[in-house]
Amino acid sequence: MFFNTYALVEEALVKATGEENVLIVDGGDHADLASTVAFSLAKKRKMNPASVASEVASEISGVLEKEGITVEVKGPYLNFIFGEEYLKGVIGEALKEGYGSFPAKTGRTCIEHTSANPNGPLHVGHIRNSVIGDTLSRVLRKAGCSLEVEYYVNDMGRQIAIVSWGFDNIDLSQNEGEKDDHYVARVYVAANRAIEADESIKAEIDRRMSLIESGDPEMVRKFREAVSMCVGGIKETLLDLNVRHNRFIFESDFVKSGLMYNVLHRLEAMPEAKQDETLSLDLTAFGFEKEYVLRRSDGTSVYAARDLAYHEWKSDNFDRIINVLGADHKLIGRQLQATMQLLGDKPPEIVFFEFVSLPEGSMSTRAGKFISTDDLMEEVFKKALDEVEERRPELPSDEKESIARSVATGAIRFDIVRVSPDKATVFDWKEALDFEKQSAPYIQYAHARACSILAKAGEFNESYSAESEYEVALVKHIALFPKIIDDVSRELRPHVLAIYARELADLFNTFYRFDPVLKVEGDLRNSRLTLVKAAQNTLKEALETLGIDAVRSM
RNA sequence: GGGCCUGUGGCUUAGCCUGGAUAUAGCGCCGGGCUUCUAACCCGGAUGUCGGGGGUUCGAAUCCCUCCAGGCCCGCCA
């Protein structure tokens, strides 16, 4: 509905002004849409902006009034206010299952996210990647994309060589009840300490790197064992976060299949290639001072080489390729994009996010300095359960736990996704455990409240209308949901959806406060119940697109 | 030293790409609201040189230049 109405306004303005860009902006408090085209037109026509605005308004108001759009002139501003037809149309759309979904688009999209090294559990920095990636995945699906979500497992890197060395040389047993990925991290930390104490171990690590590259069966087995232990633990954590991947892709497959050698051969023949002891690319033409090294002097490949093969495979199999990466990968990510261009492949779109650090400094798996997502989840769950116990003591305990689980997952996801990715953040327990206003539980609560009203109401006849200022404001915000999905799917900025959902909950709560639903009678009761249903459905769709459970009771 | 990102009330944060009408919210603070559809809520109030300076423009938080501060990167790690 919003798109159609926007198009009507735009069309009328273009026709009346002859301008290609009619400068439509958000109307703020004044209107649903506004145009500042009168400013630029005034200059061309050598008139004052206010009179231009009046002229344009008188020219288009006739056409738009017929569509129920009121045109108002406030000085140089042209304001457009959407009327009853619009509100009715929005309510009708918002009642439908899957509101905000777009028809299937052609082409296939691939998104890669998380892809943390399997040398320890996911910590609170990694899951910024997971939450951004998973939220975008949900948005893209809703926007009609045929999507595959991938986790790229680095199963032959130096870190894994270190872990495998640790398992062979350090006597460290798994604790009672310890998750496999946490155990792997302890071994990894201990192995790194051993290396720091005795430099000669590095030669042994290099030997393992060489053996894994040549496919030595024993080394393959050792690496695989360590990697699968860790990945198993990571998968459990992802499940707790409502994060779903379609495929785990192992980088060693690109070495085994020969795809990596194929890519390296072609690159060797390019003028940008520099081959002495190592193989590297000169990307100065793309503005990179730093050479892009692909092969070590001992003949083994570096991560970048395997990554190029993976991305060439993606380029062959998908029409749109998206990666979610930490800001520390900016340089290497852009070098990868440039190299894909050299190869004539589709470079990926990359969503970068800035770092999450601890108050005492940055996190490091190697140093054992991190807060694991599992620990975070446990703390948040405990707090959520306390809250449920206090509010709903009458519920059976499995129901309380289920609500607390949904609240905990939602709180964590929302806390991460609400902030713009290019803002560095410091992890804060107080904020993570805050379930008020700017949080998932706040939005979940608004949804549950709507469900409760609908449950008490029983059967009613749908009636489409919005009269009070609170009803109108709510409907107008509901109207924007499809536009938000469309915007986020194109611009890949998931925090926009988080903010939208919070604002929707705000507007619903305000409506709830001022406009009684069950206590009024007749058509007003029906129309308000219909609006509650539309709001509930939109809240549900928004929450689910954020990967947050839309619980019906809490 | 070079590159990228960030700087918005005491704290956290939206808006910046695509300039427009009194700069968005939350926490905290002050005051009010549960015999009333779920108070994980609502209403009202105080709090801002939008990091500093310069420029472009009818108009700058938004664009350009410059300086300052913080984060990240500049490895034959990933």
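Below, chains carry the letters A, B, ... as their sequence lines are ordered, and counting in each starts from 1.
Rounding to whole angstrom units, CZ of residue A/R334 and P of B/C72 are separated by 17 Å. The OH-C1' distance, from A/Y303 to B/C76, rounds to 17 Å in whole Å. Atom CG of A/L480 and atom C1' of B/G15 are 15 Å apart (whole Å). For the pair A/K290 NZ and B/C74 C1', the interatomic distance rounds to 6 Å; values are reported in whole Å. At whole-Å resolution of the value, CG in A/L507 and P in B/C42 are 11 Å apart. A straight line from CZ of A/F508 to P of B/C42 spans 12 Å, rounded to a whole angstrom. As a whole-Å value, the separation of A/M554 CE from B/A39 P is 12 Å. Between A/Y512 atom OH and B/G33 atom P there is a gap of 18 Å when expressed in whole angstrom units.
If you check every strand for non-hydrogen atoms under 4.0 Å, A/E491 touches a base. Nucleic acid contact class of A/S420 (heavy atoms, under 4.0 Å, all strands): sugar-phosphate only. Nucleic acid contact for A/V532: none, since no nucleic acid atom lies under 4.0 Å from a heavy atom of the residue. At a threshold of 4.0 angstrom between heavy atoms, the contacts of A/R306 are confined to the sugar-phosphate backbone, with no base atom among them. Note on A/V388: a base of the nucleic acid sits closer than 4.0 angstrom, heavy atoms only. Backbone-only engagement by A/F514 is indicated by non-hydrogen atom pairs under 4.0 Å involving sugar-phosphate atoms exclusively. Contact annotation for A/A42: no contact, since no heavy-atom pair falls under 4.0 Å across all strands.
Under 4.0 angstrom from either OP1 or OP2 of B/C76 there lies no side-chain N or O belonging to A/T278. At the phosphate of B/C37, neither OP1 nor OP2 sits under 4.0 Å from any side-chain N or O atom of A/R528. At B/G7, one or more side-chain N or O atoms of A/K423 fall inside 4.0 Å of OP1 or OP2 (strictly under the cut-off). Phosphate contact (OP1/OP2 of B/C77, side-chain N/O of A/R158, threshold under 4.0 Å): present. Under 4.0 angstrom from either OP1 or OP2 of B/U38 there lies no side-chain N or O belonging to A/R513. The phosphate of B/A39 has OP1 or OP2 within less than 4.0 Å of a side-chain N or O from A/R449. Within the structure, a side-chain polar atom (N or O) of A/H495 is placed less than 4.0 Å from OP1 or OP2 of B/G15. For A/T510, a side-chain nitrogen or oxygen approaches OP1 or OP2 of B/C43 to under 4.0 Å.
Side-chain contact, A/E471 with A/S468: a donor N or O sits under 3.5 Å from an acceptor N or O. Looking only at atom types and distance, the side chain of A/N119 has no donor-acceptor partner in the side chain of A/R366 under 3.5 Å away. Side-chain N/O atoms of A/N461 and A/N526 include no donor and acceptor closer than 3.5 Å.
Look at the P atom in both B/C4 and B/C63: the space between them is 15 Å, to the nearest Å. Across B/U62 and B/G15, the matching P atoms stand 15 Å from one another, rounded to whole Å. Nucleotides B/A23 and B/A60 place their P atoms 14 Å apart, quoted to the nearest Å. For the C1' atom pair drawn from B/C65 and B/G28, the interatomic distance equals 39 Å after rounding to whole Å. For the C1' atom pair drawn from B/A21 and B/C58, the interatomic distance equals 14 Å after rounding to whole Å. For the C1' atoms, the distance from B/U12 to B/G53 is 28 Å, rounded to whole Å. Nucleotides B/G45 and B/U38 are separated by 28 Å at their C1' atoms, to the nearest Å. Remark: the separation of the P atoms in B/G55 and B/C72 is 35 Å, to the nearest Å.
A donor-acceptor contact under 3.5 Å is formed by the side chain of A/S297 with the base of B/C76.
A cation-pi contact links A/R449 to A/Y512, judged by a cut-off of 6.0 Å to the six-membered ring centre and 45° from its axis. Judged by a 6.0 Å distance limit and a 45° cone about the ring axis, A/K483 is not positioned over the six-membered ring of A/F3.
Across A/T339, A/L294, A/L308, a single residue satisfies side-chain contact (heavy atoms from CB on, under 4.5 Å) together with A/V263, and that is A/L308. Of the residues A/I443, A/L497, A/L507, the one that meets the side-chain contact (heavy atoms from CB on, under 4.5 Å) test with A/R502 is A/I443.
Closest to the A/V302 side chain, of the nucleotides B/C5, B/G2, B/A78, is B/A78. Of the candidates B/G71, B/U12, B/A78, B/A78 carries the atom nearest the A/R296 side chain, counting heavy atoms from C-beta on. Side-chain atoms of A/R418 lie closest to B/U12 of the nucleotides B/U12, B/C77, B/C43. Distance from the side chain of A/K519 is smallest for B/U36 among the nucleotides B/C72, B/U38, B/U36. Across B/C42, B/A14, B/G71, the shortest atom-to-atom separation from the side chain of A/A424 is found for B/G71. Comparing atom distances between the A/L331 side chain and each of B/C37, B/A14, B/C74 picks out B/C74 as nearest.
Partner assigned to B/G7 is B/C68, using Watson-Crick or G-U wobble distances below 3.5 angstrom. Partner assigned to B/G1 is B/C74, using Watson-Crick or G-U wobble distances below 3.5 angstrom. With a cut-off of 3.5 Å on both Watson-Crick or G-U wobble distances, the partner of B/G44 is given as B/C30.
Although no hydrogens or angles enter the test, the distance criterion places a donor-acceptor pair under 3.5 Å between the side chain of A/T530 and the main chain of A/S463.
With a 6.0 Å radius and a threshold of 12 heavy atoms from other residues, nucleotides or ligands, A/E394 has its CD atom above the threshold.
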Checklist line | Protein-to-nucleotide contact annotation, 5' to 3' order, nucleotides 20-27 of chain B [B base; S sugar-phosphate only; - none; under 4.0 Å, heavy atom] | finding: BBB--BSS

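For the side-chain contact (heavy atoms from CB on, under 4.5 Å) test, residues two or more places apart in sequence or in another chain that qualify with A/A448 are A/M554.
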Checklist line | Candidate pair A/F39 and A/Y77, rule ring pair (Phe, Tyr, Trp, His ring centres under 6.0 Å), full reasoning | finding: CA-CA 9 Å; A/F39 286 105; A/Y77 296 96; 5.7 Å; yes

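Remark on RNA chain B: of its neighbouring residues A/K43 and A/P441, the 5'-side contact belongs to A/P441, judged by nearest-heavy-atom nucleotide.
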